[in-house]
Protein chains: 2
Amino acid sequence: MSDQLEITLDRSSPVPLYHQVASALEQAIRDGTLPPETKLENEIDLAKRFNLSRPTMRQAMDQLVRDGLVVRRRGVGTQVVGAPVRRNLRLSSLYDDLQTEGAVQRTEVLSLERVPASADVAERLQLRVGEEVQHVVRLRSVDERPLALMENWVPPHVAEFSRETLAAGGLYNLLRTAGVDFRMAHQRVGADVADARQAKLLGVETGDPLVTMDRTALDSGGRAVECGHHLYRADRYSFDTTLVN
Amino acid sequence: MSDQLEITLDRSSPVPLYHQVASALEQAIRDGTLPPETKLENEIDLAKRFNLSRPTMRQAMDQLVRDGLVVRRRGVGTQVVGAPVRRNLRLSSLYDDLQTEGAVQRTEVLSLERVPASADVAERLQLRVGEEVQHVVRLRSVDERPLALMENWVPPHVAEFSRETLAAGGLYNLLRTAGVDFRMAHQRVGADVADARQAKLLGVETGDPLVTMDRTALDSGGRAVECGHHLYRADRYSFDTTLVN
DNA sequence: ATTGTCACTTTGTCATGACATTCGCAGGTT
DNA sequence: AACCTGCGAATGTCATGACAAAGTGACAAT
């Protein structure tokens, strides 16, 4: 019921107050300071406690709700969810995801060339069929074990890159430093089985299951700047999501 | 740039204003009234036009951003995204998803029994291992072609059901009428290959790829009320998501 | 014992006002 | 011609205030 949370807010920081509060609460929930089923104080009192207005407090709670950490009920209050929460999918690309988990990863560029856009790629990137695009195939390994076979297409007017820069920083980082700022991605997850070539590269047997992911990334102008078709070893990767009403 | 949108708001309706506006705009975008790349009016003027306050207008825009329909840039404005947008994943269960698309579907209950909870199920439903749960296996077909093999577990204290009610309305509808109100679900999507039994039921060959989905649904109290392990034919089903910064 | 009513609490919705931050552009300076 | 500066425009953040709707529990009436 009551919580002796110690949250210090920095009003001069460029990071918004609602985000500071939400992050602090998220951490408190994840590290057990606020155990599952805990009933939080009401919004008004919480806002008062942190010297915030209620809209700001609500904005923080909204974020927690969207991330699947708490549940709100009108007339009742806000509770920490009962089931353990997995970390959610983000628009950060696999590279960041793994890096933050402290794993040692390596990316090998298998191929980098300019090709005419296929009908599928042209449609996803809003180009004309046959227009030239950069095509890169990479193999990503974690702890020296292959994990993902990634195929991506980028229009030349978005950015140009080389094998070296690609292997070093990950595609998204590279594009970001080239001035592209991602805002959004549409993503489709499915399944397939490995053919002989894919199996050899990924270190599995032909016919083993693979998770497929097709992603189209959009920049802040709403234009498609990159699309990709990725294959993951099904025994070592899956996609988590939280759905909220 | 300018838009001659005809949106009529019903201030006496129980559905919130921001939702009315967001739905109207979403439809305008999907049906082409607001084509891709269109620059919307600024928030202030839009709010004025609909006789709304700016926070309410912003709340509507927020929803469009989360659904991946528009992109906002500070100092610039709001644009409809350039790439075609697929409809997003919702907490509605497959039954509703397909029903709204007008397909003819049939659900066959293959098995319905009470079993002791396995370690995995117990953890997902926050029960003790060995505690009794209802276990149901269903085969869902669309247009007489099998699509999904679904295995679900529900604690007895949540709801009781029979083969008839299950086949009729879908699991989520059934639980809803039993007084359960879903708020949230955690979901993991992966891949596997069909074994002989699964292949026979789904009408594919042994070794064909399947999309796997493990979902745990929570009610408004944040307690787990249902979990499931589903298998979908990879050639006929996949999961779409929109990721937003 | 059941039902209905009422008060209270808490979240949901909406309005108004203010200032900060960022982007794009025009115009002037070097 | 290139660079810098300042201005306007648009979204981002935050505060205050108010009422609505829904759940909970106590109490009274049937």
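A note on names: the letters A, B, ... follow the listed sequences, proteins ahead of strands, and every chain is numbered from 1. Nothing here was measured: the structure is a model prediction, and the numbers come from that model.
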Spacing between Glu43(A) atom CD and dG12(C) atom P, to the nearest angstrom = 6 Å
Roughly how many Å is it from CD in Gln59(A) to P in dT11(C), rounded to a whole number?
-> 17 Å
What integer distance in Å separates Asp181(B):CG from dA22(D):P?
-> 13 Å
Write out a two-atom table: protein N or O, nucleotide N or O from nucleotides 6-9 of chain D, distance below 3.5 Å.
none

Degree of bending in the helix from dA1(C)-dT30(D) to dT30(C)-dA1(D) once both end axes are built from five pairs, to 10° = 10°
Answer yes or no: does a side-chain N or O of Thr56(B) lie under 4.0 Å from OP1 or OP2 of dT13(C)?
-> no
Using a 3.5 Å cut-off and no angle test, enumerate the donor-acceptor pairs between side-chain atoms of residues 7-16 of chain A and protein atoms at least two apart in sequence or in another chain.
| from | atom 1 | to | atom 2 | distance (Å) |
| --- | --- | --- | --- | --- |
| Asp10(A) | OD1 | Ser12(A) | N | 3.0 |
| Asp10(A) | OD1 | Ser12(A) | OG | 2.8 |
| Asp10(A) | OD1 | Ser13(A) | N | 3.4 |
| Arg11(A) | NH1 | Asn51(A) | O | 3.3 |
| Ser13(A) | OG | Val15(A) | N | 3.0 |

Who passes salt bridge (Lys or Arg N to Asp or Glu O under 4.0 Å) against Glu132(B), sequence neighbours left out?
-> Arg114(B)
Pairs satisfying salt bridge (charged side-chain N to carboxylate O under 4.0 Å, His left out), at least one member in residues 55-65 of chain A, at least two apart | Glu43(A)-Arg58(A), Asp62(A)-Arg72(A)
Hey, is the side chain of Arg58(B) poking within less than 4.0 Å of OP1 or OP2 on dA15(C), counting only N and O atoms?
-> no
Can you name the residues that form a ring-ring contact (aromatic ring centres under 6.0 Å, His included) with His135(B), not counting sequence neighbours?
-> Trp153(B)
For Ser118(B), the side chain to side chain donor-acceptor pair (under 3.5 Å) test, sequence neighbours excluded, returns none
Quick one: Leu46(B) CG to dT11(D) C1', roughly how many Å, whole number?
-> 13 Å
What nucleotide among dT11(D), dA15(D), dT24(D) has an atom nearest to a side-chain atom of Arg72(B)?
-> dT11(D)
Could you please name the option among dC23(C), dA15(D), dG12(C) that lies closest to any side-chain atom of Leu52(A)?
-> dA15(D)
Calculate the interatomic distance between Met57(B) atom CE and dG12(D) atom P; express it in whole Å.
-> 13 Å
Below 4.0 Å: OP1/OP2 of dA10(D) and any side-chain N or O of Thr78(B) = no
Considering only heavy atoms and no angle criterion, is a donor-acceptor pair shorter than 3.5 Å present between the side chain of Arg54(A) and the base of dG12(C)?
-> yes
Is Tyr18(A) near enough to dC14(D) that one of its side-chain N or O atoms lies under 4.0 angstrom from OP1 or OP2?
-> no
Arg74(A) side chain: which of dT10(C), dT22(C), dA15(C) is closest?
-> dT10(C)
With sequence neighbours excluded, what pairs up with Arg223(A) under the salt bridge (Lys or Arg N to Asp or Glu O under 4.0 Å) test?
-> Asp219(A)
Rounded to the nearest 0.5 angstrom, the OH-CE distance for Tyr237(B) and Met213(B) is 7.0 Å
Got Met150(B) and Arg140(B) here, is their nearest side-chain heavy-atom distance under 4.5 Å?
-> yes
In whole angstrom, give the distance that lies between atom CG of Leu40(A) and atom P of dT9(C).
-> 19 Å
Could you check whether Pro16(B) gets within reach of a base, just the sugar-phosphate, or nothing at all, counting any heavy atom under 4.0 Å?
-> sugar-phosphate
Quick one: list whatever passes salt bridge (Lys or Arg N to Asp or Glu O under 4.0 Å) with Glu131(B), sequence neighbours left out.
-> Arg128(B)
Using atom CG of Leu17(B) as one end and atom C1' of dA18(D) as the other, report the distance to the nearest whole Å.
-> 15 Å
Spacing of Arg183(A) atom CZ relative to dT22(C) atom P, expressed in whole Å | 12 Å
Asn51(B) near the nucleic acid: base, sugar-phosphate alone, or nothing, with a heavy-atom cut-off under 4.0 Å?
-> sugar-phosphate
Stepwise side-chain contact (heavy atoms from CB on, under 4.5 Å) test for Val121(B) and Cys227(B) | CA-CA 7 Å; Val121(B) 169; Cys227(B) 71; 4.2 Å; yes
Taking the nucleotide of DNA chain D with the closest heavy atom to each, which residue, Arg73(B) or Ser53(A), is nearer the 5' end?
-> Arg73(B)
